[in-house]
Amino acid sequence: MATRHRLGPRFIGPGAAVLLALPVLAPVLVVLTAPWHAEAKEWDHVWRTVLPAHTAETLLLLVGTVGLATALGTGCAWLVAAFDFPGRRLFRWALVLPLAVPTYISAITYAALLGPTGSISLRVHGATGWRPDIVDLPGLCAVLGLVLYPYIYLPARAVFTGGLRDALDAARLLGAHGMRRFGAVAVPLARPAIAGGALLVAMETLNDYGAVKYYGIRTLTTAIFQSWGGLYDLGSALRIGGLLVGLVALLLMLERRSRRHRRQATDGPALRRTPLRGTRGWVAAAACGLVLGLGFVLPAAKLLVDAWSVLPRWEAATDLMALGHTVGVATGAAVATLLLALLLLFAWRHGRGPWVRALVQASGLGYAIPGAVIAVGVMTAAGVIDRALGLPFTLIGSIGVLAYAFAVRFLAVALQPVQGGLARQSTAQDEAARLLGASPLRTFLRINLPPLRPVLWAALVLVAIDVIKELPLTLILRPFDFDTLSTRVFEQARIEALEAAAPPALLIVLCGLVPVLVVDRLAERRTQR
Amino acid sequence: MSKHRTHLLDRWPVLLFLLFVACTGGGSTGKKADREVNVYSHRHYDTDKALFDAFTQATGITVNLVLADDNEVLARLEREGERSPCDLLITSDAGRLGQARLRGLLRPVHSALLDSVVPATLRDPEGHWYGLTMRARVLAYNKTKVRPEELPTYQALTAPQWKGRLLARSAENLYNQSLMAAFVAHYGPDSALAWARGVAANFARDPKGSDTDQLLAVAEGIGDVALANSYYIGKLMSGTEPERAKAREVLAVALPTMGGAGTHVNVSGAGVVKHARHEAEAIALLEYLLGAEAQRAFAEGNKEYPVRPGVAVDPVLASFGALNPDTLDLAQLGLNNATAVKQLQAAGWR
């Protein structure tokens, strides 16, 4: 391989790529190294009194939410991929819609409907004497699972639709009935895709603060905020953040393990669908309808009704300005995040040594850390740069630092699908390119990336959706007089004026719908190729 | 893939960049004013925005605003250091103001006007911060089931008669923490722990939801007494939403005392930032917010107790009874907050 750097641009190699992407790791490193640089005066108390209960409830929430999301995502994906039933074409794309609803908005909306004093609960109580109350741990698992399942539905549907025809035909010839074909063939072959989605669901659940706080659930994230804001002990808060990262690293390892030694479905001809006739067809339609109704239609309808009721005093100008800011920030942050992800993946694909792989894996961990903690890491890093450059002003509160913070936070969202796509490419083509004298970068740009174009777009759009929904980073890192839709929702919800929060909340959902449908189209195009 | 298509896709990054710049304006605030004051605030109220606008009208000084949570704001101020653009810090907790002072983020301000308007117990002795409004942590009860004489003090809540009848939000909440900090300051950590245990033992349900949710739960008979902030009660009682009519009918308010001392109050307040570049403007804004007109707006618009003597309390709040605030040095709330949170956690107050 002595000739490998002979031709093509060689100004940037895998090592340099990692160096360029290193700032993304800085905030995660600030968190992970906290035991060595941040004094934690209350750690003893936190360890003995706070962590046991908070860890237990975190794990329960995690199991419940990820379990439900996996069941719903996989089940719905199998229904629309393998069967024909009334409304299938609609459900196929509509089942992605909950992705546009931020978890905190869905959670608070559900509490307003089915909480102890929610409007539906009051009616049920009036009629039957029984009071529904979903504001508890199982209720939150249900609410989060119903909003987050599309993270699993999308990749599972892609595999079921496009990668299984031969395997399922073989199973059919061997006489396997429907449920067995699903359980023994389809799910195991789709397992890497499902596990990847489940990991994103787990991280979304772990970093949630708004919903768990409102539902009174004690999680590691609420422990972080109690230590930071209540005990005035940022050191302990960062250590809990480190635990959170450790938990995710564990999940990540489990996910990798599930991938190893497993045949992965490869793109193939589209699956032939079995028609479901009569009652069975309607049952399938009802199942999909229920998931869609609870995950999207009900919360969206509630927002619509509330927004309508406050329409006369809606501050349209402020919210439309916020809409513009939201679109702008989402665009900038998504592009920045994808570029950084590509730098890292370039090193991952063409670099040598286990440390590059470890670094790439670690860079995605920011997704599990609550936004406010990422913000502390980002502000610390920016403050250091301010001083190092001797700037007369601070970079904190600039759009650039905000976009950088989003990249830190959402890198995993861009990394995950693109890495999956790269992993499916044969390394033989890389070697062929390199033997022909192309540099690693040229190989990456000309050989690896072009077939992944739909995946790259999907990654871009997924990050944009997350940025649109994000709150804590935006809240603290924004410039003066810079509202986004999520900060508008927060300002109203904070003062317990939930109806007033409905118009911007509805705009977030609408604003997220466009990219959600784009992702769905892209996923479809990929599988139909 | 055709050549034409590649070209189109290659231009997308440019289009995305233009979209980004067009929508964010590259991050500039757009407003360029000769005289301005930069504010970080934790107060998310429409009254505040209206007051800032009125201030600009009156003085020609533009107010630039970042609204965010207290702890994050303190972290940002610390990390910005002497480069911080912020001039005035507004929070809704005396404890956080005390923390800001301890960490050297505020500067002392000497204004005869401010010192004469704000009572000595509601400001920092050296002028690092001044209270703007007071909020009391009080009890809302179902008047068909509870008599006000049964709720003379916060301590009364631990009596066995309240078993399964109390409602409060979680220990995560700032105002529960500051009430507990007051207990620690008055009676020591052990008595405070015993009190919190007693209250937690009487909860009708695990703490959850907002203050308003506790009030609605009392109206629904889920519990009989709720611990809540005066201005949430004031807003609910003066509202017109038909679905809350029942709550307005059923609820009454008691102003319990701390035993020897008065009712627990906290302030929202403001301090001039250490590295402020617009000190004069920041002081002008502070003085404006403590003026009679602004204090009336806080009282009427946001149902807070004005700190300026002579400004009338909103009639809805006045109907709760005359407030006899605890005169505890508010700096104690900040100093005892960590102990308070530890004891709340130890008491099993979720």
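By convention in this document, chain letters (A, B, ...) are assigned in the order of the sequence lines, proteins followed by strands, and residues within each chain are numbered from 1.
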Pick from A/A111, A/P116, A/A53 with the largest number of heavy-atom pairs that fall under 4.5 Å of chain B:
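Between A/A111, A/P116, A/A53, the count favours A/P116.
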Relative to chain B, which of A/D133, A/L402, A/L323 shows the most heavy atom pairs under 4.5 Å?
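Of the options given, most contacts go to A/D133.
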Per-residue contacts, residues 40-49 of chain A versus chain B, heavy atoms under 4.5 Å:
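A/E42, A/H45, A/T49, listed by number.
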Ignoring hydrogens and angles, state whether a donor on the side chain of A/Y214 or B/E172 is under 3.5 Å from an acceptor on the partner side chain.
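Judged by distance alone, the side chains do not pair up.
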Just by modelled atom types, is the [Y] backbone N or O under 3.5 Å from a matching donor or acceptor in the [X] side chain?
X	Y	answer
A/R131	B/E220	yes
B/R83	A/L391	yes
B/N337	A/G230	yes

Could you walk me through whether B/K342 and A/D233 pass salt bridge (Lys or Arg N to Asp or Glu O under 4.0 Å), step by step?
CA-CA 12 Å; B/K342 275 202 273 191; A/D233 184 3; over 6 Å; no
B/R350 bridged to A/E57 by N-O distance under 4.0 Å
yes
Give the C-alpha distance, both sets of side-chain angles, the deciding distance and a yes or no for side-chain contact (heavy atoms from CB on, under 4.5 Å) between A/Q492 and B/D46.
CA-CA 9 Å; A/Q492 300 300 330; B/D46 293 337; 4.0 Å; yes
Stepwise side-chain contact (heavy atoms from CB on, under 4.5 Å) test for B/E80 and A/F393:
CA-CA 9 Å; B/E80 288 175 338; A/F393 56 90; over 6 Å; no
Worked check of side-chain contact (heavy atoms from CB on, under 4.5 Å) between A/L475 and B/E72
CA-CA 9 Å; A/L475 199 58; B/E72 285 87 333; over 6 Å; no
Can you confirm whether [X] sits close enough to [Y] that some side-chain heavy atom of one is under 4.5 Å from a side-chain heavy atom of the other?
X	Y	result
A/E315	B/K49	no
B/V73	A/I476	yes
B/I222	A/T117	yes

Side chain, backbone, both or neither: which part of [X] has a non-hydrogen atom closer than 4.5 Å to chain B?
X	answer
A/L395	neither
A/P392	backbone
A/L460	side chain
A/V50	side chain
A/L234	side chain

Hey, mind stepping through A/F490 and B/D69 against side-chain contact (heavy atoms from CB on, under 4.5 Å) and telling me if it holds?
CA-CA 11 Å; A/F490 174 75; B/D69 280 344; 3.6 Å; yes
